[in-house]
A.B. asks: 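Here it is, the structure, as structure tokens.
All chains are named by letter (A, B, ...) in the order of the sequence lines, taking the proteins before the strands, and each is independently numbered beginning at 1.
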Amino acid sequence: MEYNIQETEIHWQREWAKSKVFEAKLDSKKPKFYCLEMFPYPSGNMHMGHVRNYSIGDSMARFQRLMGKNVLYPMGYDSFGMPAENAAKKEQGHPHNVTHRNIASIRADQERMGYSYDWNRSLTTSDVEYYRWNQEIFLMLNEKGLVERRFAPVNWCNDCDTVLANEQVKNNRCWRCGLEVIQKDMAQWFLRMTDYSDQLLDELDNIVFPENVKSMQRNWIGRSKGVNIDFSIVGSNSIIEVFTTRPDTIFGSTFVTLSPEHPLCEELCKNTDWHEGWEKLRDECSKMSEFERINMLKDKKGVFLGRYAINPLSKEKVPIYAGNFVVASYGTGAVMAVPGHDQRDFDFAKKYNLPIKNVLFDEHAKNPDTNLDSAFEGYGPMINSSIKKFNGLKGEDAKSAIISELEKINSGKGTFQYRLKDWLLSRQRFWGTPIPMIHCELCGVVPVANSDLPIELPLDVIFNESQSGNPLDNHHDFINVKCPSCGKMAKRETDTMDTFYDSSWYFMRYCDANNTELPFRKETVDYWMKDGIDLYIGGIEHAVMHLLYARFFTKITRDLDMISIDEPFGRLVCQGMLNSPTPYCSECNVDYHVDFFDQKCPSCDILLTRRSAKMSKSLGNTVSPGEMVNIYGADTVRLFILFGANPEAGMDWSDSVLEANHRQIKSIMEAINTSLSMKVSANKMDSWIIAKLSKNRENWQNVMSNVSIREGVMISHFTMLSDWNWYRRRGGNNYQTALQFLEGWLPMLAPITPHLAEEFWHRMGHKELLAEFQLPENKIQINKDMVLEYENYLHKVIDSSRNVKGLAKRHTDSKITTMVIQTAPKWMYDLAREAIVLQSKYFDFKSKGIDHLKSLPIFKNEQIRGEIFKIWTNLTVGSKKKRGKIFTWSEDDKKLILNMFDESEFLLSNNSFIANELGLNLVRVYSVGEGLDVAGKAKVAFPLEPAIAFT
RNA sequence: GCUGGGAUACCCGAGCGGUCAAAGGGGCCGGACUUAAGCUCCGGUGGCAAGGCCUUCGUGGGUUCAAAUCCCACUCCCAGCACCA
């Protein structure tokens with residue numbers, strides 16, 4: 001029967017849309033499943049990475065619908081941000097138009113793939129219907145004291161003309177454009193994320209994230225336990241507060257180092273000869289970019305500030321230095337230097353000839369007495385303490401003893417330090433949510449009144465290439481506004497919000513997307529997000545950006561009593577890279593653009609080989625989803641993507657595999673087609689294929705529930721087909737059975753290849769859509785008549801026959817036409833049953849096996865006593881290399897033996913099939929001793945392993 | 001340097017104490033079909049005169065009657081962080 005891929009796929013996509021089957025409705029009686037993909041930035045067409053992301057999500061959404069879950073599966077667009085502004089400049093238009101054009105095109109691509117989104121809930125973050133809630137929530141956060149405006153050094157990107165949050169700076173470069181960032185002092189808006197550091201860190205232990213994501217977030221939050229210690233200054237009332245995680249080394253501190261930017265520096269050396277040196281160091285450090293500074297820091301540098309501090313425990317007087325390696329923004333910006341046990345301090349001490357004291361004993365040192373050539377940074381018992389009672393303490397004990405001593409004398413306090421900083425929220429860009437604040441000369445910074453929301457972005461702005469900065473700054477209607485507090489003319493804030501703010505709560509908005517009164521109803525979000533989003537799929541690149549912000553946002557909205565959820569994401573899956581062949585020079589270790597295939601390396605002139613590299617525009621090794629869908633259809637592309645690798649693994653694009661998958665789809669359709677034109681003729685294989693169906697389905701449900709999609713596909717699209725083919729080969733030809741089989745198989749095909757499944761579901765005569773079908777409980781009873789075990793056995797016999805046939809061929813010149821199968825004699829089955837029964841009672845064969853054998857009646861048969869011994873040993877204890885058969889037989893094998901399975905009878909009834917499979921004229925079967933012992937093979941016969949000979 | 005994840009046959013990939021020479025797919029080889037190629041179907045794909053034996057799951061040790069699987073050390077790959085005290 002005809003199957004026009006393009007027409008059929010589009011037809012069912014329309015039917016699904018018409019019937020609104022994917023529109024989710026809150027139903028507290030039904031278990032929910034919230035399936036979500038990280039929403040895209042609409043930059044034009046959908047690329048293969050998107051296809052992978054969404055195909056994973058769609059297969060799970062469709063699977064869970066089949067399982068009877070109330071599935072929420074929405075899609076929307078993260079559409080604020082720089083690229084739209086840049087595009088607007090190029091075409092002298094407005095980002096709003098660029099954005100909506102791009103959304104239309106990516107959405108069309110998504111629809112063509114047949115993804116089962118609830119389009120009714122679609123949202124666009126750059127539309128005022130969405131970003132108005134950003135502003136409303138912002139005011140609530142402000143009310144709560146979580147918003148702060150601070151003058152602080154911030155990361156600035158010259159290309160993007162804006163500040164960046166810490167999380168958006170990678171290797172000192174802008175995450176978007178890659179330009180090196182510089183430091184600027186500016187007044188900026190922050191969200192107090194550090195208030196939540198502990199929660200964000202501790203709850204990582206309880207959520208199902210991939211380990212690498214957890215580890216990255218832990219790293220990023222960077223909590224370290226330590227102590228702030230006060231060093232008083234000789235001849236001054238000021239105090240230097242240092243932070244250390246190693247209080248156990250306090251008696252080894254021989255100097256104190258401040259960061260050059262530390263405010264105490266100037267105070268300490270003012271009007272002294274030391275002032276000039278410090279100033280020089282400070283200027284040198286501040287002038288350099290962070291990148292240069294890090295490089296320079298390999299060479300430690302410092303200046304004496306002319307003053308001394310007092311170690312609060314040892315009371316020793318130690319010099320105070322400013323050092324370029326001390327980071328101003330971490331801890332207190334000051335450290336107690338312990339050159340004996342910190343490599344950085346060690347290097348510094350060597351350079352400036354400062355004393356090095358050994359106060360921890362290195363228990364593993366080879367020569368503890370020799371002079372140190374590096375610091376010992378491990379843990380060891382304290383020695384040489386000026387307060388003797390501490391000597392001998394080690395590790396955590398030592399640390400807490402020192403901390404409590406410091407706390408007792410009021411010179412220190414145990415504390416935690418974090419690497420995490422507050423979230424720098426403001427951006428000097430146009431295309432983002434306006435921050436609802438007003439600057440009044442009289443009243444200062446005043447929040448916009450709730451009733452004046454939303455503050456809309458003006459649409460009457462024309463962008464062009466010559467512009468720089470934020471067009472809002474010059475938009476009179478936008479900036480000039482009355483102060484809500486005093487009524488005088490004031491200026492509106494022109495900074496907009498980081499776009500990560502938009503994506504920090506969009507998943508809550510989806511739950512109640514069309515609410516015009518509220519961002520969302522609490523009860524609605526609580527229903528859909530109970531235990532978090534059930535499956536969240538996206539790229540690893542957001543491990544510490546989006547995923548951390550969204551967790552933070554969930555906690556603050558919870559504390560605003562807007563929801564009752566603690567963590568947004570129940571299970572997170574980060575899909576792997578999509579790679580594709582690329583020209584590669586092994587000599588230079590460089591990938592080249594696909595134009596260079598089979599050419600010579602431009603730099604070293606050797607012939608380029610090829611390897612897999614991440615699909616990227618710059619290498620030109622991308623594959624267009626649209627093109628592939630036009631050739632093969634969406635189902636084939638989906639099958640390829642989902643079968644190519646498990647969601648989290650990287651995968652390689654391969655045209656030949658894609659084609660092979662397309663053939664697989666055609667075979668499936670062919671199989672279904674022929675099955676629909678079968679006759680009603682019963683066959684012993686009918687119960688076999690139905691039993692197989694039941695078993696496969698059980699496995700399939702298990703693996704799919706666990707998002708092991710690749711394994712699932714293997715069952716639904718490969719095993720099921722080969723089982724069906726075996727059924728046909730074994731003479732199955734029953735229309736009734738075929739219908740029953742398809743009734744189970746088509747739903748299994750649907751999550752991965754929904755169009756093909758829907759089409760044949762329809763052709764089977766179903767009136768309702770497969771898309772809204774719920775798979776009934778699996779009620780098929782198997783194993784009553786052991787069909788599976790029989791077929792398994794037959795498979796094995798045919799396999800080993802093929803092997804032996806190969807052997808026989810080599811030993812004979814004449815053509816092989818006949819096979820003789822001799823099954824094991826009855827007494828062997830008796831022994832096997834005896835052994836199996838004993839084994840189930842945990843019988844000790846090693847010590848009691850032989851005695852037991854001797855007590856059996858069969859043992860009286862002296863003629864075969866030797867053979868009985870041998871078989872019993874094979875069955876029970878085995879040999880050095882092989883365990884006894886009763887331990888290697890599967891449960892199915894044992895079941896056959898216990899149920900008096902008659903091998904001869906079974907093989908005989910299938911002899912023509914066996915003959916056919918092996919290309920023989922005749923297959924003779926009998927039990928050992930009941931016929932001629934051809935080729936002397938009788939001796940190898942064993943239960944379930946008949947002797948096989950060819951003539 | 002620290003943290004996390006890896007290394008399985010020609011390639012991709014499953015397995016994570018015994019039923020493992022190791023699922024499945026790709027590729028390759030052979031057979032059937034066909035006038036032929038393609039498609040499709042069937043079979044093979046570590047070595048060896050082969051129902052057996054030998055060698056193999058990054059390298060080297062160890063535990064065990066038994067190791068791809070558990071333990072220890074090392075090497076290499078990938079990712080994140082990094083003079084963060």
A.B. asks: Does OP1 or OP2 of B/G24 have a side-chain N or O of A/T719 closer than 4.0 Å?
C.D. replies: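 No, outside the criterion.
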A.B. asks: Is any side-chain N or O of A/N646 closer than 4.0 Å to OP1 or OP2 of B/A14?
C.D. replies: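 Looking at the OP1 and OP2 atoms of B/A14, one of them is under 4.0 Å from a side-chain N or O of A/N646.
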A.B. asks: Check the phosphate of B/A14 against A/R710, side-chain N and O only, distance under 4.0 Å to OP1 or OP2. Yes or no?
C.D. replies: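 Indeed not, no polar side-chain atom of A/R710 lies that close.
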A.B. asks: Once you apply a heavy-atom cut-off of 4.0 Å, does A/P247 come out as touching a base, just sugar-phosphate, or nothing?
C.D. replies: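 The residue A/P247 makes no contact with any strand.
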A.B. asks: Side-chain N or O of A/R223 versus OP1/OP2 of B/C84: is the shortest distance under 4.0 Å?
C.D. replies: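 Looking at the OP1 and OP2 atoms of B/C84, neither is under 4.0 Å from any side-chain N or O of A/R223.
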A.B. asks: So what does A/I948 hit on the nucleic acid, given a heavy-atom distance under 4.0 Å: a base, only sugar-phosphate, or nothing?
C.D. replies: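 It contacts base atoms.
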A.B. asks: Measure the distance from CD1 on A/I641 to P on B/C12 and round it to the nearest whole Å.
C.D. replies: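 About 18 Å, once rounded to whole Å.
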A.B. asks: Can you identify which nucleotide, out of B/A82, B/A85, B/G4, has its nearest atom closest to the A/R419 side chain?
C.D. replies: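 Selected nucleotide: B/A82.
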A.B. asks: Considering just the side-chain nitrogens and oxygens of A/S667, establish if one lies under 4.0 Å of OP1 or OP2 belonging to B/C41.
C.D. replies: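 True: A/S667 side-chain N/O within range (under 4.0 Å) of B/C41 OP1/OP2.
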A.B. asks: Salt bridge or not between A/K796 and A/D893? Use side-chain N to carboxylate O under 4.0 Å.
C.D. replies: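 Yes.
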A.B. asks: Honestly, is A/R419 close enough over A/Y330, meaning NZ or CZ under 6.0 Å from the six-membered ring centre and within 45° of the axis?
C.D. replies: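 No - A/R419 does not lie over the ring of A/Y330 by the 6.0 Å and 45° rule.
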A.B. asks: Could you tell me the separation between the CZ atom of A/F643 and the P atom of B/A23, rounded to a whole number of Å?
C.D. replies: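 About 14 Å, once rounded to whole Å.
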A.B. asks: Contact class for A/A947 (heavy atom, under 4.0 Å): base, sugar-phosphate, or nothing?
C.D. replies: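 A/A947: base contact, heavy atoms under 4.0 Å.
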A.B. asks: Taking B/G24 as the reference, what is the distance to B/C41 when you measure between their P atoms (whole Å, please)?
C.D. replies: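 So the two P atoms sit 16 Å from each other.
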A.B. asks: Does the side chain of A/R218 get closer than 4.0 angstrom to OP1 or OP2 of B/C81 through an N or O atom?
C.D. replies: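 No, because none of the side-chain N or O atoms of A/R218 sits under 4.0 Å from OP1 or OP2 of B/C81.
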A.B. asks: Just checking A/V657: base, sugar-phosphate only, or nothing, at a heavy-atom cut-off of under 4.0 Å?
C.D. replies: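 Counting heavy atoms under 4.0 Å across all strands, the contact made by A/V657 is with sugar-phosphate only.
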A.B. asks: Cation-pi check, A/R246 to A/Y379: give yes when NZ or CZ is under 6.0 Å from the six-membered ring centre and within 45° of the ring axis, no otherwise.
C.D. replies: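 Yes, a cation-pi geometry.
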A.B. asks: Mind checking the C1' distance from B/G13 to B/G25? Whole angstroms is fine.
C.D. replies: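 Pairwise C1' distance, B/G13 against B/G25, rounds to 8 Å.
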A.B. asks: Cation-pi between A/R223 and A/F416: NZ/CZ under 6.0 Å from ring centre and within 45° of the ring axis?
C.D. replies: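 Yes, A/R223 and A/F416 form such a contact.
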A.B. asks: Can you check whether any acceptor in the base of B/G51 is under 3.5 Å from a donor in the side chain of A/K937, or vice versa?
C.D. replies: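 Looking at the base of B/G51, it does pair with a donor or acceptor on the side chain of A/K937 (distance under 3.5 Å).
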A.B. asks: To the side chain of A/D342, which of B/U19, B/A85, B/G43 is closest?
C.D. replies: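 My answer, after comparing the listed nucleotides, is B/A85.
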A.B. asks: Answer with base, sugar-phosphate or nothing: what part of the nucleic acid does A/F243 contact at a heavy-atom distance below 4.0 Å?
C.D. replies: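 Base, at least one base atom sits under 4.0 Å.
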A.B. asks: Looking only at side-chain atoms of A/V326, point me to the closest of B/G80, B/G26, B/A85.
C.D. replies: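 So the nucleotide nearest the side chain must be B/A85.
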A.B. asks: Starting at CZ of A/F325 and ending at C1' of B/A85, how long is that distance when rounded to a whole Å?
C.D. replies: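 It works out to 9 Å between those atoms.
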A.B. asks: Check the distance between B/U40's P and A/E659's CD and give it to me in whole angstrom.
C.D. replies: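 Rounded to whole Å, this separation is 10 Å.
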A.B. asks: With the side chain of A/R802 defined as its heavy atoms from C-beta on, choose the nearest nucleotide among B/G26, B/G43, B/G25.
C.D. replies: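 Nearest listed nucleotide: B/G43.
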A.B. asks: What is the separation between atom NZ on A/K805 and atom C1' on B/G51, rounded to the nearest whole Å?
C.D. replies: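 These atoms are roughly 16 Å apart.
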A.B. asks: If you measure from the P atom in B/U3 to the same atom in B/A9, how many Å do you get, rounded?
C.D. replies: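 The same atom, P, in both gives a distance of 29 Å.
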A.B. asks: Let's see if you can work this out: which of B/A85, B/G25, B/C81 has an atom nearest to the side-chain heavy atoms of A/N219?
C.D. replies: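 The nucleotide sitting nearest to the side chain is B/C81.
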A.B. asks: Please work out which of the three classes, parallel, tilted or perpendicular, describes the rings of A/H795 and A/W726, given edges at 30° and 60°.
C.D. replies: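 Parallel: the ring planes of A/W726 and A/H795 meet at under 30°.
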A.B. asks: If you check the A/S224 side chain, which of B/A23, B/A85, B/C42 turns out closest?
C.D. replies: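 From the listed options, B/A85 comes nearest.
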A.B. asks: Which part of the nucleic acid, if any, lies within contact of A/S800, taking any heavy atom under 4.0 Å across all strands shown: a base, the sugar-phosphate backbone alone, or nothing?
C.D. replies: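 A/S800: no heavy atom of the nucleic acid under 4.0 Å.
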A.B. asks: Relative to the 5' end of RNA chain B, which residue comes earlier, A/G644 or A/V544, by the nucleotide with the nearest heavy atom?
C.D. replies: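 Going by which nucleotide is closer to the 5' end, it is A/G644.
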A.B. asks: Distance between the C1' atoms of B/C39 and B/C76, in whole angstroms?
C.D. replies: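 Comparing C1' positions in B/C39 and B/C76 gives a spacing of 44 Å.
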A.B. asks: Within this structure, what is the CE-to-C1' distance between A/M651 and B/C11, rounded to whole angstrom?
C.D. replies: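 For the pair A/M651 CE and B/C11 C1', the rounded distance is 14 Å.
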A.B. asks: Looking for any heavy atom pair under 4.0 Å, which part of the strands does A/T257 touch: base, sugar-phosphate only, or nothing?
C.D. replies: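 Nothing, no heavy atom under 4.0 Å.
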A.B. asks: Check the angle between the aromatic planes of A/Y352 and A/F348 and answer parallel, tilted or perpendicular using the 30° and 60° thresholds.
C.D. replies: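 The rings of A/Y352 and A/F348 sit tilted, inter-plane angle from 30° to 60°.
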A.B. asks: Between B/A21 and B/A14, how far apart are the C1' atoms? Round to whole Å, please.
C.D. replies: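 Those two atoms are separated by 16 Å.
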A.B. asks: From C-beta outward on A/E211, which listed nucleotide comes closest to its side chain: B/A85, B/G4, B/G43?
C.D. replies: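 Between B/A85, B/G4, B/G43, the one nearest the side chain of A/E211 would be B/G4.
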A.B. asks: Starting from C1' on B/A82, measure out to CD on A/E377 and report it in whole angstrom.
C.D. replies: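 So the two atoms are 14 Å apart, to the nearest Å.
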A.B. asks: Can you tell me how far C1' of B/C42 sits from CZ of A/R730, to the nearest Å?
C.D. replies: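 Interatomic distance, CZ of A/R730 to C1' of B/C42: 16 Å.
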A.B. asks: Take atom P in B/G52 and the same atom in B/U8, then report the distance between them in whole Å.
C.D. replies: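 Per the computed distance, 29 Å lies between those P atoms.
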A.B. asks: When you measure from the side chain of A/T888, which nucleotide among B/A79, B/U19, B/G25 comes out closest?
C.D. replies: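 The closest nucleotide is B/U19.
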A.B. asks: Could you check A/G650 against A/A949 and say which one's nearest nucleotide on RNA chain B is further toward the 5' end?
C.D. replies: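 On the 5' side of the pair lies A/G650.
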A.B. asks: Could you work out the separation of B/G62 and B/G30 based on their P atoms and round it to a whole Å?
C.D. replies: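 46 Å, rounded to whole Å.
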A.B. asks: Quiz question: going by heavy-atom distance under 3.5 Å, is there a donor-acceptor pair between the base of B/A85 and the side chain of A/R344?
C.D. replies: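 Such a pair exists between side chain and base.
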A.B. asks: Please classify the nucleic acid contact of A/M216 as base, sugar-phosphate, or nothing, using heavy-atom distances under 4.0 Å.
C.D. replies: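 Contact class for A/M216: sugar-phosphate only.
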A.B. asks: Between A/E791 and A/R730, is the closest basic N to carboxylate O distance under 4.0 Å?
C.D. replies: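 Salt bridge present between A/R730 and A/E791.
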A.B. asks: So that I can tick it off, tell me whether A/E648 and A/R710 are bridged by a salt bridge, with the cut-off set at under 4.0 angstrom between side-chain N and carboxylate O.
C.D. replies: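 Here A/R710 does not pair with A/E648 in a salt bridge, since their nearest N and O are not under 4.0 Å apart.
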A.B. asks: Could you work out the separation of B/A7 and B/C53 based on their C1' atoms and round it to a whole Å?
C.D. replies: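 Approximately 30 Å lies between the C1' atom of B/A7 and that of B/C53.
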A.B. asks: Strictly below 4.0 Å, N to O, side chains only: are A/K695 and A/E698 in salt-bridge contact?
C.D. replies: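 Salt bridge absent between A/K695 and A/E698.
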